[in-house]
Amino acid sequence: MKFSRAPSFVLLLVLVLVGCRRTITDEERSARHEVRQALRERAFARAVAPAERVLGFAPNDNGAWARLAQAQFGLGDLVGLRRTLGKWRGAVRRPSPKYHEYAGDLAFAEGRRAEALEAWGRAVAGKDRKARVFRKIARLEQNERRWDRAALAWTRAMQPHDDIEGLVNRAICYRHLHSWKVAAADLQRAGQLDPQSAFVRQETARFGRLGKFLDEVRKLDQELIASPNDFEILGDRALLFLRADDAELALDDAERALQLAPGAVRPRLWQALAARALGRPVEPALSPTFQLAALSPEFLQSIRRLDAEIMAEPASAELRTNRAWQLNEIGQPQLALADARAALEFDPKSAGAEAEQSYALAKLERTPEAYEAIKCATEFDPNFSTAWQYRGELEMRRGDYMAAIESLTRGLAINRTPAALARREECYRQLGLLAKAADDQKALEELNAPR
């Protein structure tokens, strides 16, 4: 008769394991209790000493190393944490996932973001996949604007249960990915979990404002699928997002458009408006008073066309001058100056470019340079009436009324405008030539009289 030897083997194994189990002294047990209690109370400074005592008893204990690392990280003792991680790695043949988690925390705290992601990825590579680590990954990926990776990490962080933070942040990621239906679904679910959450209400309101423009946005989405590198379509969509008060999406498109067309002006304007709305630094070349509402439909149409034409003909002085004029008109002298000077590189005797350079320099309060530029404009084209008028205005600023009268007279001989007459009348009065001033006043009244 045969009997199974399995029960005897199991009994032997249990006896061996019991015999090999390390005896825990009262001192060690007390230290372990003390460190756990301190960590529960977030009294990190109080936790360090007992955590080190425990390691004196159990230098190969992953849990003991993790508790010391937790205390040091909680204290902000990055030097101590780095030292602990080094010792932990040397003392334990297979460090636990928490080793990699704290290595990632240290790397992130020191600004080594790529290393942090790599370490956190190792922490969740095995079976012990903690939601809190996926949250760290998700926040960092989202901060780095890697929306698809962040959405996946938020999904993993919410397994098995949805929560407000995960749903709303995943909705934000889906919004940036233009996955409108799933973004709306996440926000709806978040609203069901907590209708009073300020975070939920803020993002729901943002999505609601965007809803008014979604049909137009979806059309542009489809166009960009067919032409993903079309900077004009990206600029169109960025403008829609600005109108929808969604500065984040506007910034996405404006920055992408600028990567594709660094010389384009329209996406630079949208980038500035979006950055300002988000409280981020704005390019110094842009006027702080610049507002979207101040831009006329005619300007929007013209600047779009000029950007496209300049991309096709980057060496065209005429196109650069025209764009400089548009930029001067909306009060962006730095950008106008850049275009005017680029035009002069392609055509050094362009009177129009010199005039636009002069307008921009004057707005930047660089009056002597502005005057030299407008003098060049009148020399390059003696029949440029607008340049003569502006030269006269700059001479008035200099107090040289005789020179201003001469310049304004040259301009009026070419094109009789009310503005030039009014300026010359003022010059005559400043010089006490009242009869001539009266003549200009009469001529101005006749010119302005209804017909």
Is it the case that the side chains of [Y] and [X] hold a donor-acceptor pair, with the cut-off being a distance below 3.5 Å and no angle test?
X	Y	answer
Arg341	Gln357	yes
Trp154	Glu165	no
Gln70	Arg67	no
Trp88	Asn62	yes

Residues [X], [Y]: salt bridge by 4.0 Å N-O rule:
X	Y	result
Arg53	Glu34	yes
Glu203	Arg175	yes
Glu41	Arg46	yes
Glu28	Arg32	yes
Lys219	Glu223	no

Output yes when a side-chain donor or acceptor of Asn60 lies under 3.5 Å from a complementary backbone atom of Ala91, and no otherwise.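 Yes, because the side chain of Asn60 sits within donor-acceptor range (under 3.5 Å) of the backbone of Ala91.
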Is there a donor-acceptor contact under 3.5 Å from the side chain of Asp307 to the main chain of Ala264?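 The answer is no, because no donor-acceptor pair under 3.5 Å joins these two groups.
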Measure the acute angle between the ring planes of Phe207 and Trp180, then classify it against the limits of 30° and 60° as parallel, tilted or perpendicular.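 The rings of Phe207 and Trp180 sit tilted, inter-plane angle from 30° to 60°.
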Validation row, ring centre Phe241 to ring centre His176 under 6.0 Å: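 They do not qualify: ring centres at least 6.0 Å apart.
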Nearest 0.5 Å please: distance from the CG atom of Leu335 over to the CD1 atom of Ile330.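 So the CG of Leu335 and the CD1 of Ile330 are separated by 8.0 Å.
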